[in-house]
Amino acid sequence: MTDSLLTALCPDLRTALIRVGYDADTLVEALGSDVHAALSRSEPVPVRRAARAAGELGTLVRLLLLGDVLPERDVATALAPVRIDAAVAAGLLTRDGDQVRAALDLRPLDAGAGTRWILSDLDDSMRRRTLTEDHVLGVGHASLSLLRATPTEPVGTVLDLGTGCGVQAVHAAGYAGRVTATDVNARALWLAQATAALNELEIELLEGSWFEPVAGRRFDQVVANPPFVVGPARIEHTYRDSGLALDGASELVIGQAPALLAPGGTAAMLAAWVHVDGEDWRRRVSSWLPAHGVDAWVVQRDVADPALYVGTWLRDAGLDPRDPAAQEQATRWLDAFEAADVEGVGFGFVYLRAIDGPTELLAEDLTHGFDDPLGTEVAGYFARSAWLRAVAADENLAWASRFAPSPATALERVYLPGEFGWTEQAIRLHRGDGPRWQHEVDESTVALVAGMRPEGLPLYELLELLALAEGAEQVTPEFAARALGVVAGLVRHGLVRPV
């Protein structure tokens with residue numbers, strides 16, 4: 001990428017943003033938590049009222065976040081040392097007589113490493129707009145969810161596939177030694193370059209389709225928020241449409257990403273897949289993976305019915321589903337779903353780890369709510385998965401190991417009113433942190449876990465005691481196999497751990 005007027009403007013722009021306090025924490029403090037929440041709900045009036053009392057910071061809030069037209073003199077004061085003529089020439093602002101308005105979206109974001117500033121195209125959150133084909137999306141719900149779901153252990157190299165305005169690449173710069181970002185959209189790379197400059201970050205930016213710009217290279221981590229929207233094979237907006245039919249974009253990325261991972265490397269991606277009548281979605285996703293070299297964890301966070309899915313993405317593009325043109329588009333979209341027997345569209349996260357061995361896949365639903373970022377769970381999941389592979393190769397590793405419940409694991413007993421008082425309906429082990437997994441268990445499992453402690457007995461000796469307590473003279477192969485299966489499930493979800 002070559003320097004642009006916008007990139008050249010960034011040092012002075014950064015100075016202005018720091019001087020005024022246009023950062024994530026100061027913004028919440030100046031507006032107040034209630035008004036800041038109104039901003040996230042796209043309600044401009046409370047924000048505008050609060051901004052008028054916030055001085056130069058308020059001017060930038062109205063200019064950059066609300067899209068208000070403001071006197072050039074006020075904007076010049078708030079953006080000093082940036083010259084208005086230079087900002088207009090660079091594409092940051094546009095003139096309207098003796099007033100100016102923002103031509104780009106510029107907002108602060110704290111993704112865990114302090115404030116970063118993100119430049120993108122204006123959306124329709126505060127004003128109705130029709131988005132162009134090369135529209136560059138800003139900090140949206142999908143990108144924020146991927147930020148929280150991405151592991152951030154220090155790594156050497158990261159690839160951000162389909163970087164858009166550079167949100168994931170900027171985030172990766174906080175934990176990677178070198179970041180490479182690609183996109184097919186030249187406008188996206190223009191904005192990503194400016195975003196990197198504004199944050200004083202060195203990011204390698206490459207233009208090209210899918211994995212072509214990095215063919216033959218390997219990375220310690222790949223992150224991707226690709227154009228995964230499921231629908232007909234068309235491109236109306238490059239940030240969401242791949243030109244591939246149905247879930248072809250997710251198939252392509254999930255299938256080809258493993259070839260870009262260095263040994264032990266990890267991929268964290270957003271993806272979507274169709275639920276087809278008579279077909280298990282897990283089998284569908286599994287068919288996209290190579291037969292060798294991948295440990296895959298697929299987490300389905302939501303499933304939308306076709307009508308809801310189409311309506312959501314029409315609104316995302318700034319269209320009103322009641323307009324005739326939008327209705328025509330919705331008809332074509334739903335016709336394509338019907339022709340393919342699509343009953344719903346699943347959405348979630350795909351995590352891949354490069355391993356030396358046959359591909360393994362765990363695809364599961366995680367549709368309940370939880371607060372902890374999923375990204376912090378990923379390293380633990382793959383470590384537990386590696387231990388379970390070792391156990392599959394040699395069961396004696398498990399029998400000789402000692403275990404302990406996670407400190408966040410709780411025992412729950414559920415009772416409902418019955419004919420003669422309370423009647424127990426379920427027994428669960430519940431993990432109180434991370435994804436908050438729950439496993440329904442029986443009394444034997446409760447007793448087994450109760451005996452687990454770091455200084456206690458190995459697993460097989462615990463089984464021998466449990467067998468005696470249940471009236472058996474010895475541990476039968478069937479009893480041992482069932483117990484090992486239960487323990488493996490608890491280990492995989494972090495409710496108990498080998499010590």
By side chain to side chain contact (heavy atoms under 4.5 Å, CB included), which residues pair with [X], not counting sequence neighbours?
X	value
Ala24	Asp110, Thr115
Leu361	Ser286, Leu289, Ala296, Val298, Ala363
Ala192	Thr163, Leu205
Asp394	Asn396

## Note on the structure
ring-ring contact (aromatic ring centres under 6.0 Å, His included) pairs touching residues 346-371, sequence neighbours excluded, are Phe228-Phe347, Trp297-Tyr351

### Within residues 159-188 or reaching into it, pairs that qualify as ring-ring contact (aromatic ring centres under 6.0 Å, His included) - sequence neighbours excluded
His171-Tyr175

### Task
Please assess Arg187 against Asp121 for the test salt bridge (Lys or Arg N to Asp or Glu O under 4.0 Å), listing each intermediate value before the final yes or no.
CA-CA 9 Å; Arg187 181 172 178 81; Asp121 279 328; 2.6 Å; yes

Taking all heavy atoms of [X] and all of [Y], pick out the closest pair and write down the distance.
X	Y	result
Gln327	Arg322	NE2-O, 2.6 Å
Ala142	Leu270	O-CD1, 3.4 Å
Gln168	Ser143	NE2-O, 3.1 Å
Arg218	Thr157	O-OG1, 4.1 Å
Val274	Val276	CG2-CG2, 3.6 Å
Ala398	Val391	CB-CG1, 3.8 Å

State the [atom1]-[atom2] distance between [X] and [Y], to the nearest 0.5 angstrom.
X	Y	atom1	atom2	value
Leu92	Leu119	CG	CG	7.0 Å
Thr376	Leu374	OG1	CG	7.5 Å
Leu314	Asp323	CG	CG	10.0 Å
Phe337	Asp305	CZ	CG	10.0 Å
Leu206	Asp183	CG	CG	11.0 Å
Glu343	Asp277	CD	CG	4.0 Å

### Message
Using a strict threshold of under 4.0 Å (side-chain N to carboxylate O), is an ion pair present between Asp320 and Arg315?
### Response
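Looking at Arg315 and Asp320, the cut-off is not met.
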
### Message
Strictly below 4.0 Å, N to O, side chains only: are Glu443 and Arg413 in salt-bridge contact?
### Response
yes

### Heavy atoms from other residues, nucleotides or ligands near CD of Glu338 exceed 12 (cutoff 6.0 Å)
no

### Message
Other residues, nucleotides and ligands only: do more than 12 of their heavy atoms fall within 6.0 Å of CD on Glu202?
### Response
no

### Message
Before you tell me yes or no, could you show the steps for Thr150 and Met269 under side chain to side chain contact (heavy atoms under 4.5 Å, CB included), namely the whole-Å CA-CA distance, both residues' side-chain angles and the distance that decides it to 0.1 Å?
### Response
CA-CA 8 Å; Thr150 298; Met269 305 177 290; over 6 Å; no

### Summary
Sorted by chain and residue number, the side chain to side chain donor-acceptor pair (under 3.5 Å) partners of Asp372 (sequence neighbours excluded) come out as none

### Query
Excluding sequence neighbours, so at least two apart, what forms side chain to side chain donor-acceptor pair (under 3.5 Å) with Arg482?
none

Does [X] reach the main-chain N or O of [Y] with its side chain, forming a donor-acceptor pair under 3.5 Å?
X	Y	value
Ser250	Ala271	no
Thr94	Arg101	no
His275	Val345	no

With the side chain counted from C-beta on, respond yes when [X] and [Y] share a heavy-atom pair under 4.5 Å apart, and no when they do not.
X	Y	value
Leu106	Ile118	no
Leu448	Leu463	yes
Leu366	Arg301	yes

### Task
Just jot down the ring-ring contact (aromatic ring centres under 6.0 Å, His included) partners of His36, sequence neighbours excluded, or say none.
none

### Task
Give a yes-or-no answer on whether the side chains of Trp273 and Gln300 include a donor-acceptor pair shorter than 3.5 Å.
yes

### Query
With distance as the sole criterion, is a donor-acceptor pair present between the side chains of Glu364 and His493 under 3.5 Å?
yes

### Task
Start with the C-alpha gap between Thr180 and Ile203, add the side-chain angles, then the distance that decides, and say whether side chain to side chain contact (heavy atoms under 4.5 Å, CB included) holds.
CA-CA 6 Å; Thr180 299; Ile203 295 174; over 6 Å; no

### Task
Sequence neighbours left out, what passes salt bridge (Lys or Arg N to Asp or Glu O under 4.0 Å) with Asp433? Give chain and number order.
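For Asp433, the residues satisfying salt bridge (Lys or Arg N to Asp or Glu O under 4.0 Å) (neighbours in sequence not counted) are Arg431.
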
### Task
Over 60° means perpendicular and under 30° means parallel, so classify the ring planes of Phe403 and Trp387, tilted if in between.
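Trp387 and Phe403: perpendicular rings.
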
### Worked verdict on Leu490 versus Thr445 for side chain to side chain contact (heavy atoms under 4.5 Å, CB included)
CA-CA 10 Å; Leu490 296 176; Thr445 303; 4.2 Å; yes

### Task
Using the side chain to side chain contact (heavy atoms under 4.5 Å, CB included) rule, take Leu27 and Leu65 through it: C-alpha gap first, then chi angles, then the decisive distance, then the call.
CA-CA 11 Å; Leu27 200 61; Leu65 299 182; 3.9 Å; yes

### Summary
So the salt bridge (charged side-chain N to carboxylate O under 4.0 Å, His left out) pairs with at least one residue in residues 154-181 (sequence neighbours excluded) are Arg178-Glu204

What donor-acceptor contacts under 3.5 angstrom involve side-chain atoms of residues 256-268, with partners at least two apart or in another chain?
residue	atom	partner	partner atom	Å
Thr266	OG1	Arg353	NE	2.8
Thr266	OG1	Arg353	NH2	3.0

### Task
Give the C-alpha distance, both sets of side-chain angles, the deciding distance and a yes or no for salt bridge (Lys or Arg N to Asp or Glu O under 4.0 Å) between Arg148 and Asp371.
CA-CA 10 Å; Arg148 288 174 53 84; Asp371 298 324; over 6 Å; no

